[in-house]
Amino acid sequence: MSEKKSRRQFIDLSLRIAGLTGIGAATAVLTNRAAKSSVFQVDPSLCAACDLCRTSCVLSQSAVKAVNEFTKCGYCQLCPAYYDVASEPDENGIPTGKTCPQDALKRRVVGDIDEEDPNNNYYEYTIDEELCDGCGKCVKACKPPAGNGSLRLEVRYSRCHECSSCAIQLVCPEDAIVRIPVPGIPPAEEHGETGEKS
Amino acid sequence: MPEFLNIKNPDARVVFGRAMMRTLLALAFPAVLAAQYQKAPPDFGDTYSFPSPVHPEPIADWMRLLDVGLLALALGAAAWLILKSRNRKGVVLLSICSVVYFGFYRKGCVCSVGSIQNVVLCLVDPRYAISFSVIALFFLPLVATLFFGRVFCGGVCPLGALQELVVLRPVRVPLKLDKALRSLQFVYLGLAVLFAGWGLQLKYGWLNINIAQRFLVCEWDPIIPIFRRSGPFYMVAIAAAFILAGMFIGRPYCRWLCPYGGILSLLSRVAWKNVRITPDKELDCGKCEDACPYGAILSLRADRGLCMACTRCYEYCPRQKRLVALKAGPQPKRVPASAAVPPRRWEAVARTWIGILSVVVLAATAALMLTIYVRAERVMIAEKALVESLIEKAKTDAEVQKTLQPELNRQHEAGVVRRRVYDTGGWILIIAAAILIAWFARFRPKHGMGAGAPGRILKFIESPPDRRR
């Protein structure tokens, strides 16, 4: 009986040591390859604004929102992302329809304001994140050559649950959801250009 | 910049403005845009400064490391409570803390169960660099299991802890069926590894499977939609099914599906210290035979691989009872049951009404959310299709556009309201379910499998203790 027990104990001990050694070796291999935490973000150069971001996120309101890059925006009065240029124009020639189905793209007049002629003004375009659902219609409308491409879809980490496996990444037809290191600033902004200009 | 375009010059502005108007009226729209199109932001001078971009921060690295530290702490606490202190109340409290922190607060992601996939992906794909916290998340419970048995499953894993808390009247699963189902764990492990690293590309005659690399465990995780309080319909349905099943089967995911549990069961067999039902010597009295809701007691011993260290069986052991009595010291004379004070009338009424109310609220909220969901998917699809077809017409016909706009607004409003219902409804469901599960203590069996309510934590809601024990 005791011989059986000591044989069992020996086997257990050797397996335990083998297990620990294996774990140690694996940890060493992985730590070698390890890096800072990464998060999922939309690569604007690949994104086709296909509307799947809105429906594929595990959250009922997608964590992907449209964002305006002010340093690239033209501040145009006739913004193709704001106005639906294919809709019927009114008597002044301004399109009556809006591109954003949720009316999340808001604007306010900035700079030197011309009271008489609204066409002469510049407008700052911002997105109301409570209303935006990440459909990307404004992003699509803003793409060159019609626009500057200042509007882009971006994962907002105030809402994103940072799942280990992004449900949007699985369905993205352009493979535009990429892993980038924390803090997860989208690739476009990494090349210079800060916010302040004047 | 040419003088006439300089917007600071008031005369120039008028000239420019009028020129613009004419251009607008004269040309077709793409040309209008071309006239207005700015390649770069205008030079505002000092009338306007660009707002700085707002980028919400993701979870900081130090918070992830904090999670690792808390995991290590929880593992240590679990090992101590299960093996040394032999205290079920402590284990239940630890489970609740784990569900609240690792589950609801951290949304249950990244979890040790899913970390298998991260590790595999890192080894297979040179482009993916795993983070230190995920490495720790994967290896810490393995090391703890090699030393102390499946204490991770017992009090730390948030998925397991949630299933633990809903066990009500578990049935005994026949041994052969249990064995067969257990092999699913390793099948799932194999599939999880395969899909995490490579995906499945199979072409053989008519058979053409092309599934890209994906995290299978995450996509089919039955508990994570509860922690996230959202998810696609199929995931929420699976979650509800597993919780319901968990009331009558006892941790079905942990026993038969969890890939990480499969690894832990193998490691636990050679653990240094493992769960012992008796604190000191085995009497072979058989009193623990019916104690385990998970079928882990075989031949009157806790099976080293299967036992998930829930410590329910401790209460059944006469040696444990003796130990507890010795620790408590000499007791004052017990009041005979006949002389005991019955609960006051308002307490009994309140207890009944809490139960009834939580059932009603739970059922009503679930029904409401389901109805809204079905309606959104079925009925409103038709409405949306109609609107889509009219939108095309509205592009050329201003009258149609005018009648269409209020309908579009109505649909958008409905969408916003729907989202709010889902969000609030999720919270109500969880709270009502928690109250209901605590209230179910009165239905838990007094003897046999599944007996031993999870600690007398919510004393008021439970029925009075059974004096016969």
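A, B, ... follow the sequence lines: proteins, then strands. Residue 1 opens every chain. Quantities reported herein were computed from a predicted structural model and do not represent experimental measurements.
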### Summary
dist Phe139(B):CZ -> Ile23(A):CD1 (nearest 0.5 Å) comes out at 7.0 Å
### Summary
Output for pair (Trp272(B) CH2, Asp12(A) CG), nearest 0.5 Å, gives 13.5 Å
### Query
Is it the side chain or the backbone of Arg304(B) that comes within 4.5 Å of chain A heavy atoms, both, or neither?
side chain
#### Entry: Region of Cys218(B) that comes under 4.5 Å of a non-hydrogen atom in chain A
side chain
### Task
Go through the atoms of Val119(B) and report whether side chain, backbone, both or neither lie under 4.5 Å from a heavy atom of chain A.
both
### Query
Quick one: of Gly19(A), Ala167(A), Cys163(A), who has the most non-hydrogen atom pairs under 4.5 Å with chain B?
Cys163(A)
### Query
What is the distance from atom CZ of Arg127(B) to atom CZ of Arg179(A), rounded to the nearest 0.5 Å?
11.0 Å
### Query
Any donor and acceptor pair, going by atom type alone, linking the side chain of Arg419(B) with main-chain N or O of Gln61(A) inside 3.5 Å?
no
### Message
Does any backbone or side-chain atom of Val217(B) lie under 4.5 Å from a heavy atom of chain A? Answer side chain, backbone, both or neither.
### Response
neither
### Interatomic spacing from CD in Glu124(A) to CZ in Phe44(B) - rounded to 0.5 Å
8.0 Å
### Task
Tell me, for Arg269(B) versus chain A, whether the close heavy atoms (under 4.5 Å) come from the side chain, the backbone, both or neither.
backbone
### Summary
Whatever's closer than 4.5 Å to a heavy atom in chain A on Phe132(B) counts as both
#### Entry: Side chain / backbone / both / neither for Arg8(A) at chain B, heavy atoms under 4.5 Å
side chain
### Query
Which bit of Gln9(A) is near chain B, if near means a heavy-atom gap under 4.5 Å: side chain, backbone, both or neither?
neither
### Query
chain A heavy atoms under 4.5 Å from Gln213(B): which part of the residue, side chain, backbone, both or neither?
backbone
### Task
Check whether Phe138(B) gets within reach of chain A through its side chain, its backbone, both or neither, counting any heavy atom under 4.5 Å.
neither
### Task
Kindly check if the number of other-residue, nucleotide or ligand heavy atoms within 6.0 Å of OH (Tyr234(B)) is above 12?
yes
### Message
Can you see whether Ser37(A) engages Asp61(B) through a side-chain donor-acceptor pair at a distance of less than 3.5 angstrom?
### Response
yes
### Task
For the residue pair Cys109(B) and Ser164(A), establish whether any side-chain heavy-atom pair is separated by less than 4.5 Å.
yes
### Message
Check for me whether the distance between the ring centres of Tyr75(A) and Tyr48(B) falls short of 6.0 Å.
### Response
yes
### Query
Side chain, backbone, both or neither: which part of Val155(A) has a heavy atom under 4.5 Å from chain B?
neither
### Summary
d(Phe50(B) CZ, Cys73(A) SG) to nearest 0.5 Å is 8.5 Å
### Proximal component of Ile130(B), with respect to chain A [non-hydrogen, under 4.5 Å]
both
### Message
Would you compute the distance between atom NZ of Lys107(B) and atom SG of Cys160(A) and round it to the nearest 0.5 angstrom?
### Response
10.0 Å
### Query
For chain A, which of Leu267(B), Ile59(B), Asn118(B) has the most heavy-atom pairs under 4.5 Å?
Ile59(B)
### Message
Any heavy-atom pair between the side chains of Pro51(B) and Phe70(A) that's under 4.5 Å?
### Response
yes
### Query
If you tally heavy-atom pairs under 4.5 Å against chain B, which of Gln169(A), His161(A), Lys98(A) wins?
His161(A)
### Query
What option among Ser131(B), Cys111(B), Ala129(B) has the most heavy-atom pairs under 4.5 Å with chain A?
Ser131(B)
### Query
Given that the side chain runs from C-beta out, which part of Ile224(B) has a heavy atom under 4.5 Å from chain A: side chain, backbone, both or neither?
neither
### Task
Indicate yes or no: does Asp125(B) engage Arg33(A) in a salt bridge with an N to O separation below 4.0 Å.
no
## Note on the structure
Of Asp103(A), Thr31(A), Ile11(A), the largest count of non-hydrogen pairs under 4.5 angstrom with chain B goes to Thr31(A)
### Query
Below 4.0 angstrom, N of the basic side chain to O of the carboxylate: do Glu162(A) and Arg64(B) qualify?
yes
### Message
Please classify the contact of Leu170(A) with chain B as side chain, backbone, both or neither, using a heavy-atom distance under 4.5 Å.
### Response
side chain
### Task
Test side chain to side chain contact (heavy atoms under 4.5 Å, CB included) on Leu15(A) and Leu146(B) and set out the steps.
CA-CA 9 Å; Leu15(A) 281 173; Leu146(B) 271 179; over 6 Å; no
#### Entry: chain B interface, residue from Ala26(A), Cys57(A), Ser56(A) that has the most non-hydrogen pairs under 4.5 Å
Ala26(A)
### Task
Looking only at non-hydrogen atoms, find the nearest pair between Val58(A) and Ser230(B) and report the distance.
O-OG, 3.0 Å
### Test log, rule side chain to side chain contact (heavy atoms under 4.5 Å, CB included), inputs Arg156(A) and Val54(B)
CA-CA 10 Å; Arg156(A) 304 300 270 173; Val54(B) 176; 4.2 Å; yes
### Task
Select one option (side chain, backbone, both, neither) describing which atoms of Ala136(B) are under 4.5 Å from chain A's heavy atoms.
neither
